[in-house]
Structure formats: structure tokens, C-alpha cells
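Reviewing the structure listed below.
Remember, predicted model here, so these are calculated numbers, not experimental data. Lettering of chains follows the sequences in order, A, B, ..., and the numbering in each one begins at 1.
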Number of protein chains: 2
Amino acid sequence: MATLKDLSRHLGLSVTQVSRALNGHSDVNEQTRARVQEAAKLLKYQPNISARRLVTGRSGTVGLVVPPPVSTDGHAVFVEMISGLSASFAQQQVHFLLHVINPQEDPVAVHRRLIDSAALDGFVITDPVMNDPRIAFLRKRDVPFVVHGRLGDKNDFAYFDIDNYAVAHRLTAHLTGLGHQRIAFLNGVPGRTYVESRLRGHVAALAAAGIAHDPDLHRNGMMNRNFGLTETIRLMLPGSCRPTAIIAGNMLIALGVYDALQALGLRISADVSVVAHDDHLPGATAESLFPALTTTSAPLKESWGPMASLLVQALDGQPIETLQKMGGIAFFDRASCGRL
Amino acid sequence: MATLKDLSRHLGLSVTQVSRALNGHSDVNEQTRARVQEAAKLLKYQPNISARRLVTGRSGTVGLVVPPPVSTDGHAVFVEMISGLSASFAQQQVHFLLHVINPQEDPVAVHRRLIDSAALDGFVITDPVMNDPRIAFLRKRDVPFVVHGRLGDKNDFAYFDIDNYAVAHRLTAHLTGLGHQRIAFLNGVPGRTYVESRLRGHVAALAAAGIAHDPDLHRNGMMNRNFGLTETIRLMLPGSCRPTAIIAGNMLIALGVYDALQALGLRISADVSVVAHDDHLPGATAESLFPALTTTSAPLKESWGPMASLLVQALDGQPIETLQKMGGIAFFDRASCGRL
DNA sequence: GCATATTTCCGAAACGTTTCGGATGCCGCC
DNA sequence: GGCGGCATCCGAAACGTTTCGGAAATATGC
């Protein structure tokens, strides 16, 4: 309600000086600055962001444009993402605009409108695909953005990602270390970057152990429980050359693997070793399975804070090379693996 | 990128007139208006909302301040709410700001900051409680808002709600019509308005059939599967005077009721009739149960569109009395009830 | 033909902030 | 005493839009 003019009148200072005092500029007496800040608190001064953004050209608002989640699996990720981002941006004093589009709508057009009306000055991009039109557009318009994930080799933008190569490498090496040779890998849908990175890490770890990669043991699919179940059953068909260990791309797949092995009467660890990567989505924890599941661990919920920081730094004009961050992964050796 | 000044130069008109033409004012020649609109399209003119909101004092943005969802049950509602609201507001050309607070934070303080910085000009209020401080604050500051649900009798604000009295009345009357006298009601946590409304509707329908309400048959609790399961078992304990029919407050409760009756060896419909209210949350559909569940139906997802419209109308200064809307309820008689 | 509406237009001010360029006073220094 | 340097301040312009009050041109009524 109170404006700069009110403050300046109240303090006997110019509007200019009040503004500079509050914004931490150097040419203002420390004593005056204190007075100004006190008065601001007293009069409950809140800067009018419309006025500010009009002159600075920046809105103090970032946005996320997404289609609504489809499956119930998607719900958990959606909730975590939305609430994580919103809370993180709030902490950084940045407003978070959410625009849920219907799936037919063109996301680029929405981004364009949002930019042209000067409503937003930065974006979060999730679920990037190869040659993503959103990324191309934002780059062309020179609008800051941060991507959750990466694309192939050329990543000349701010991103946060986990080291998916390392994930698969670590899991595979753990199994080869126990003497396993025939290791199945239930990976995600082909084309997604993290799926390809994991495949590379997997193959590299096999090679390091002197094992040739058998394409038949590598399966792609939607990362849900059903995929884990059906593929495990197919892998274990009598007559086929069974794997002695299975890597599950996430916890849902792992649940399906457990279901299938149990149904087939195979003992986990004793007969078949199982490992998985754990995003820490609600619903399935590695410790609560029986036997407790050995995993690499990289909680998805820990990405949103860094994502927000990166975007804010990008808004502040920091060079992109300093804004590429990888989340760490941990490894928990539990009870689901046996030595061969 | 293009501004009004650009347009006015390009058209040989004053900035004033261009603005009025675009905003549909009356004192502009229809022919000129057409020219202006064409030029606007040509130059890809997008009004700078910061400038607009600075002079109008309105931001074209509404907000929702919520804590993150807790349980996995809450996820489905959260997702539906967030995506429904966002999409609906987008359709109405209103920006939707989401602010997820941590549960300790004071929501009123957040609302205050958002208002004082002129960032938002309207709010959506969900999960209202009696004497809600958010509502009191927004009313005091004379900021438009719309509430999902109602509070007791005094509702001098815009709201969207379903007729919970009618829901319980309808379900109860259906059962009394089949000759049931001892009807249990598994209702939500006490204090919530819809819970109380439902109780009133229930009691009224009983009275209309000449049946006295037995408080022992009315149970309150968290509306989840476990509540339905445990309360049904307690209701059916041998020695107690068993109900012949059960009303479940929502589908999760109904799932628990089905589980319990099956476990107890009681046949649904033949031994015990079951009805429920169905919010159409993903995960449980009334038709897919066996036997198919008789329900009142009021999809939660149909509230967000009306909610958005109501808030937009409130922003336009429409009188509150015209902004109180009730969602309709449907009744589906399926296979879960038997005549006594 | 004159006064009065009506239609269509415009200039200027205003919203609240940031920032550019300059002003003022004071200090020490030669 | 003059001069440069520093610390501290201020006036005015600018951002892009809406709107108030009025002006000009045209139509209407007698």
C-alpha cells in the first residue's frame, strides 16, 4: 500500500535515495540506509512489482508449461515437481507461474505469449526431447531457462541432471563384482537421453569386467510395474538362457521383478540377484521390500532446489558454463544380491 | 515486442485511440477498429501486462497458496486441483500463480505479501475451516476470492460447492426406500462443513422415513480405505446390533467396506447393502467393483472450471450473491443394494 | 441557419519504480 | 586558495499502458 513517495515524504529524502537505499546501492550513507529500512518496515512498504518490472523489463516471475499428468504413476512425480519447484522459487523470492496446457495445444505458442506480454522472464523445461522445439524457441528469443535433464552431447544451456551413466555403471559393476556374467537390464523407453546414458554406462561396466554385451538381455519399455513383471517372466522362460541378475531402471520396475520372481518360485539373492535405481518416489521404499533391495539412490525431490537456483542465476546473467549441475548418486548395498 | 506507440505510428492514430480500439471501447469507428486489429496481428502486438497492471492496479493473475499434499491419497486430489485450476484460468486468459508453502509457514502472511506487492488480484481458497483466517484477511483487505466449499450458514463470499445435504439425503432415502432401518454412515472428520451437512441430510432422510437416528451408527474418521475397513468390522462384531446397510462417504471408504464384508463372509447386496458418494478420483470406479456400487456422483474435476469462472466474475466486480454456485449430483443405481 | 447531440478522435497525466547525469558539500593535498 | 576526489544526495526522464477531459467534425432538430 505504501509507496516510495510515501517513504520519501516521511523521511525527508528523495524517492531516488530511498530506492537506492532499499536496493543496496553503494552511494548511500549507512545510517540513512538504516533509517530507510526501519521506515519501510514501519510503513509496511512492499515494492510494487508491476512498476518495477515495467522499468527493469523483468517480472520476477518464472514459469512452467506442462501437459497434465496421465497415469497415476505420473501423479507422484507431478506433485513432487510442482510443489518442489514452487517452494524452492518462493524461497528465492521468485514467483512461480504454472500453466497446464491441454495436450493438443502447442507449448511453444504458450511460451511465446507469456514472454511477449512480459509476464515471465524465465522458464523451467521438463521432459526434454531431442531437438526440443521449446528449447530452440527460448534460445532464439534469448530467454533464460533451465532444463531438467540433458540432450545428447550438445548441452549449451543450464541444466540439472543426475549422472545416469554412473548409475548404470555402478549397478552393473556391483553385479560383475559378485561374479555375475549374464545380467539383464530393464531400461526405459528408447530415445530418452537418460535411457541411452544408462545403456552406455552398463555396456562400459560390462566391458571393464571382460563381458560382451548381449542385446537380448537389454529390454526397453515404460517404467512401470507391469513392464518389470512381464519382462522378467519372459527373461526367465524355460529354454531361454536365463540371466543370473537383473537391473531395474526404477523402483516400479523392481516391484514387478519381485512379483514375477516370487510367482516363478525363484528366490531373490539366492537364485537371482536384483538391483535397481531408486528415485525415492513415494509408494515403494527399497528397505521395505523383502529381501531389502540394493540400489543406487538419487532422490528426485532433491533436484528442484538446485533447478530453482540455477534458473535464478541464469536470470542474473551468469554464464551458462557455470550453470550445469549434476546431482550426486549414492549406493546402498542391501540384501537382494548373491555371489555367484 | 511491439508497443502501442509502434502501432499508433504505423497507423497514424493516437496511442489513446489504438488502446481504446483494442479494448473494445465504444467511441471508436468500427472501420478503424478493424484496421487496428489487423495491424496488431501483423506486428504481433502483445500488451505489456506490467504496464497495464501498473495503471489499472490489476495484475491479471490469480493465485493459490497451499501446503504440499501429505498422503498419497492427497496426491490425486492435488494433481486434479492444480491442473484443473491452471487449465481453467488459462482458458479465461488469467495467469495462475502457485505458491506451495511449507506447513509451518503462515498462509496469511504469504497472501499479504502477494497482495501488497500487487502481484495478485484474486485468490482461490481450498480446504476452508471454520473462522478461516485467510478468508477473514482477504475480506478485510477487500480482495476477491472464491472458496471451494462453504462454511456453516454465513457464506457471504463466492463459492463453489456440491450439495452435500442432498448427497446424504439421496443415499439414505434410497436405502430406506428398500426397507432398511438400521443404516450405518461412515462420514468424514467432524468439524468439516461438508461432513456436518451430510449428517443433517442423513438425519432428515431418516426422519422422513419415520426412523430415529442412532448416533452409534454414525462414525467419523479420515476418509481412507483403512477407516472403511476397520469401522465396518467394528460395526459387524457379533453381539452388536448390526446395520443392514452402510453408507460410505467416498470411494476409498467404500473399498474398505467391501474388503471388510468380504473378509467377514458377508455378501454385499444380499446380506448388507452398500452405497457411497463418488468424487470420481482416479483409482477406484464404482462400476468396476463387484458387485457394482450404487453411488451418488459428483466428479471433483468438474469444480475447477466453475471455480475459475466465479473468481473471474468476482474480479469483474459482480455482486457476490450471483457467485454462489452448487454442483449438481447424479445418482446411479447399480448392484450393491438389496430389498430388505 | 443556429443550437445541440453524437461520433470519433487526441493530448496529457497518471500509475510506482529505476537510473542517468549531475549537484552539493567536505576532505586532504599541493 | 584552488583542485581533485569522495561520499552523499537529488531532479527528471523513462518504461507502456489506461483514462480524464476536452476538441473537432458530423449529424439532428427546430
Side-chain angles (χ1 to χ4, degrees), chain A residues 1-37 39-40 43-61 93 95 115-121 315-316, chain B residues 1-37 39-40 43-61 93 95 113 115-121 315-317:
Chain A
M1 215 60 211
T3 75
L4 276 189
K5 209 189 291 182
D6 296 334
L7 276 189
S8 85
R9 221 186 342 249
H10 180 255
L11 289 160
L13 282 172
S14 74
V15 170
T16 302
Q17 208 56 3
V18 178
S19 170
R20 300 180 67 84
L22 291 173
N23 290 342
H25 285 236
S26 62
D27 61 350
V28 33
N29 190 318
E30 276 312 320
Q31 188 179 334
T32 340
R33 191 195 303 280
R35 270 180 62 219
V36 171
Q37 281 167 341
L43 301 194
K44 298 195 215 293
Y45 169 74
Q46 282 284 121
N48 181 314
I49 61 166
S50 298
R52 170 179 292 172
R53 69 179 66 177
L54 178 58
V55 55
T56 60
R58 282 183 39 184
S59 71
T61 310
Q93 325 267 37
H95 291 156
I115 296 169
D116 284 344
S117 62
L120 294 190
D121 37 39
L315 293 179
D316 290 345
Chain B
M1 216 58 209
T3 75
L4 276 189
K5 209 189 290 183
D6 297 334
L7 276 188
S8 85
R9 224 186 340 251
H10 181 254
L11 288 161
L13 281 173
S14 74
V15 170
T16 303
Q17 207 56 4
V18 177
S19 168
R20 301 181 66 84
L22 258 22
N23 290 342
H25 285 236
S26 60
D27 60 350
V28 35
N29 192 318
E30 275 311 321
Q31 189 177 333
T32 8
R33 189 195 304 280
R35 270 181 61 222
V36 171
Q37 280 166 342
L43 301 194
K44 297 198 217 288
Y45 169 73
Q46 281 284 121
N48 180 313
I49 61 168
S50 298
R52 171 179 289 172
R53 68 178 67 177
L54 178 58
V55 54
T56 60
R58 282 184 40 185
S59 71
T61 309
Q93 325 263 39
H95 291 156
R113 270 207 306 280
I115 297 170
D116 284 343
S117 63
L120 295 189
D121 38 39
L315 293 178
D316 289 344

Would you kindly give the CG-to-P distance between A:Asp27 and C:dC26, to the nearest whole Å? 18 Å
Closer to the 5' end of DNA chain C via nearest nucleotide, is it B:Thr56 or B:Val18? B:Val18
So what does B:Asn48 hit on the nucleic acid, given a heavy-atom distance under 4.0 Å: a base, only sugar-phosphate, or nothing? sugar-phosphate
Roughly, in whole Å, what's the span from CZ in A:Arg20 to P in C:dG16? 22 Å
Value in whole Å for how far the C1' atom of D:dT17 lies from CG of B:Leu7: 12 Å
Closest nucleotide among C:dT17, D:dC15, D:dT17 to the A:Arg52 side chain: C:dT17
Starting at atom NZ of B:Lys5, determine the distance to atom P of D:dA14, rounded to an integer number of angstrom. 8 Å
Please work out if B:Ser50 contacts a base, only the sugar-phosphate, or nothing of the nucleic acid, heavy-atom cut-off 4.0 Å. nothing
Between B:Leu4 and B:Leu22, is there a side-chain heavy-atom distance shorter than 4.5 Å? yes
Main-chain N/O of B:Ser14 paired with B:Thr16 side-chain donor or acceptor, under 3.5 Å: no
Ignoring hydrogens and angles, does a donor from either the side chain of A:Thr16 or the base of C:dT19 sit under 3.5 Å from an acceptor on the other? yes
Would you say B:Gln17 places a side-chain N or O within less than 4.0 Å of OP1 or OP2 belonging to C:dC9? yes
d(CG, A:Leu13; P, D:dG11) in whole Å: 11 Å
Would you confirm whether B:Gln17, through its side chain, and B:Asp27, through its main-chain N or O, come within 3.5 Å as a donor-acceptor pair? yes
Checking all strands, does A:Ile49 fall into the base, sugar-phosphate, or nothing category for heavy-atom contacts under 4.0 angstrom? nothing
Any side-chain N or O of A:Asn29 below 4.0 angstrom from OP1/OP2 of D:dC9? no
Got B:Leu11 and B:Val36 here, is their nearest side-chain heavy-atom distance under 4.5 Å? yes
Does A:Ser19 put a side-chain nitrogen or oxygen below 4.0 Å from OP1 or OP2 of C:dT18? yes
Is there a side-chain contact between B:Arg58 and B:Leu315, using heavy atoms and a 4.5 Å cut-off? yes
What's the CG-C1' distance between A:Leu11 and D:dT8, to the nearest Å? 15 Å
Rounded to whole Å, please give me the gap between OH in B:Tyr45 and C1' in D:dT18. 10 Å
Could you check which of C:dC9, D:dC9, C:dT18 has an atom nearest any side-chain atom of A:Asn23? C:dT18
Measure from CD on A:Gln46 to P on C:dC15 and round the result to the nearest Å. 20 Å
